[in-house]
Undergrad: 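The structure that follows is given in the form of structure tokens.
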Amino acid sequence: MKTLYNSLTVFLLCTTTTFAQIPNKQDQINAAIQAAPEEQQAGASVLGYDVEGKLVMIREGTNELICLADDPEKDGFSVACYHQDLEPFMARGRELYATGKNHGEVFEIREKEVKEGKLKMPDQPTTLHVLSGADGKYDAVTGKVTGANLRYVVYIPYATAESTGLPIRPIVPGGPWIMDPGTHRAHIMISPPAPEKNGN
């Protein structure tokens, strides 16, 4: 009987710990939308995690942005908001990663599917806003994210250095450059330097 009790206690503790790792819905929303421009935060849709750790829509929005909550299973902090026209691309990536595919495999599959017309990429430049940091965290008391920095990704499928005039690497800290040129995933990277910490 004692063994059964101990086993049950361990199970309940593990279960409680798993659930405790997932913030409540409002905190997920509050944290996720901070990746978006301030004027677009109130109307953004938010994908977050339910009590079972499944990614679901936790807020239906009214504008063109979809925000992604921080994954409680991953180290550090990372939330993102992207234009709704990128959702087929983003959703397909999540689907493929969930099957165990690595980054290279996901790239090749999506490249093939875009070329075959099976996966739709936006017709116009579309932006992904990312707020992330190894030491980042959301403070539910202040409602603010600390220890994280913004970077921006502007997707322009099949753009090249020649078609945009951009370099293929950053020339100055935070300067724009084009990554994956000539592919479905061609995008302009803009990573502003992190603010200097006050040494006082």
Undergrad: For the pair Ile109 and Leu119, evaluate side-chain contact (heavy atoms from CB on, under 4.5 Å) and give the outcome as yes or no after the intermediate values.
TA: CA-CA 10 Å; Ile109 291 171; Leu119 179 61; over 6 Å; no

Undergrad: So, for Val46 and Ala32, which heavy atoms are closest and what is the spacing to 0.1 Å?
TA: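 Scanning both residues, the minimum pair turns out to be CG1-CB, 4.0 Å.
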
Undergrad: Taking a hydrophobic cluster as the set of Ile, Leu, Val, Met, Phe, Trp and Tyr residues connected by side-chain heavy atoms closer than 4.5 Å, whether directly or through intermediates, do Val154 and Leu68 fall within one such cluster?
TA: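 Each belongs to a different hydrophobic cluster.
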
Undergrad: State plainly whether the residues Glu95 and Arg110 are in salt-bridge range, i.e. N to O under 4.0 Å.
TA: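 A salt bridge is absent here (no side-chain N lies under 4.0 Å from a carboxylate O).
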
Undergrad: Please assess Arg59 against Cys67 for the test side-chain contact (heavy atoms from CB on, under 4.5 Å), listing each intermediate value before the final yes or no.
TA: CA-CA 10 Å; Arg59 188 178 82 175; Cys67 295; over 6 Å; no

Undergrad: Is the number of heavy atoms from other residues, nucleotides or ligands within 6.0 Å of CG (Asp75) greater than 12?
TA: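 12 or below, so no.
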
Undergrad: Any side-chain to backbone donor/acceptor pair from Gln41 onto Ala36? Under 3.5 Å, distance only.
TA: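 It does hold such a pair.
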
Undergrad: What are the two closest heavy atoms between Val130 and Ser78, and how far apart are they?
TA: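 Heavy atoms only, the tightest pair is CG1-OG, 4.1 Å.
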
Undergrad: Between Tyr155 and Tyr82, does the ring centre distance come in under 6.0 Å?
TA: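 That pair fails the under 6.0 Å test.
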
Undergrad: Can you check whether Met57 reaches Leu47 side chain to side chain, under 4.5 Å on heavy atoms?
TA: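 When only atoms from C-beta onward are counted, Leu47 and Met57 do touch, with a gap below 4.5 Å.
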
Undergrad: For a quick test of reading the model, state the closest non-hydrogen atom pair linking Ile22 to Tyr49 and the distance between them.
TA: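 Answer, listing the atom of Ile22 first, then Tyr49: CG2-O, 3.6 Å.
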
Undergrad: For Glu116, look at atom CD and say whether over 12 heavy atoms of other residues, nucleotides or ligands are found less than 6.0 Å away.
TA: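 Atom CD in Glu116 is crowded, with more than 12 foreign heavy atoms closer than 6.0 Å.
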
Undergrad: Can you tell me how far the CG atom of Asp85 sits from the CG atom of Asp123, to the nearest 0.5 Å?
TA: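 One finds 8.0 Å between CG of Asp85 and CG of Asp123.
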
Undergrad: Does some side-chain heavy atom of Ile156 sit less than 4.5 Å from a side-chain heavy atom of Ile178?
TA: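 The answer is no; the side chains never approach within 4.5 Å.
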
Undergrad: Tell me the closest heavy-atom pair linking Ser45 and Glu60, and the distance in Å.
TA: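 Scanning both residues completely, I find the closest heavy atoms to be OG-C, 3.8 Å.
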
Undergrad: Gln21 and Glu73: side-chain contact (heavy atoms from CB on, under 4.5 Å), yes or no, with the steps?
TA: CA-CA 8 Å; Gln21 291 176 348; Glu73 295 298 321; 3.5 Å; yes

Undergrad: Heavy atoms, side chains only, cut-off 4.5 Å: are Pro181 and Leu166 in contact?
TA: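 Answer no - side chains too far apart.
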
Undergrad: Minimum heavy-atom separation for Asn63 and Ala44, please, with both atom names.
TA: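 Between these two residues, the closest heavy atoms are OD1-CA, 3.4 Å.
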
Undergrad: Gln28 vs Asp70, test: side-chain contact (heavy atoms from CB on, under 4.5 Å). Steps then yes/no.
TA: CA-CA 7 Å; Gln28 290 188 68; Asp70 182 52; over 6 Å; no

Undergrad: What I'd like to find out is whether the side chain of His129 reaches to under 4.5 Å of the side chain of Pro37, using heavy atoms alone.
TA: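 A side-chain contact exists here, since the closest heavy-atom pair is under 4.5 Å.
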
Undergrad: Indicate yes or no for a side-chain donor-acceptor contact from Gln40 to the backbone of Leu65 under 3.5 Å, with no hydrogens or angles considered.
TA: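 No.
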
Undergrad: Kindly say whether Trp177 contributes a backbone atom to a donor-acceptor pair with the side chain of Arg169 at under 3.5 angstrom?
TA: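 Between the backbone of Trp177 and the side chain of Arg169 there is no qualifying donor-acceptor contact (under 3.5 Å).
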
Undergrad: Specify the closest pair of heavy atoms between Asn30 and Gln34, including all atoms of both residues, with the distance to one decimal.
TA: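 Nearest pair, atom of Asn30 first, then Gln34: O-NE2, 3.1 Å.
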
Undergrad: Distance from Met121 atom CE to Glu111 atom CD, nearest 0.5 Å?
TA: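 One gets 9.5 Å once the value is rounded to the nearest 0.5 Å.
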
Undergrad: Applying ring pair (Phe, Tyr, Trp, His ring centres under 6.0 Å), which residue pairs with at least one partner in residues 105-125 are found, sequence neighbours left out?
TA: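 Found Phe107-His184.
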
Undergrad: Taking Glu105's backbone N and O only, do any of them form a donor-acceptor pair with Glu108's side chain (distance below 3.5 Å, no angle check)?
TA: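 No: the side chain of Glu108 does not pair with the backbone of Glu105.
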
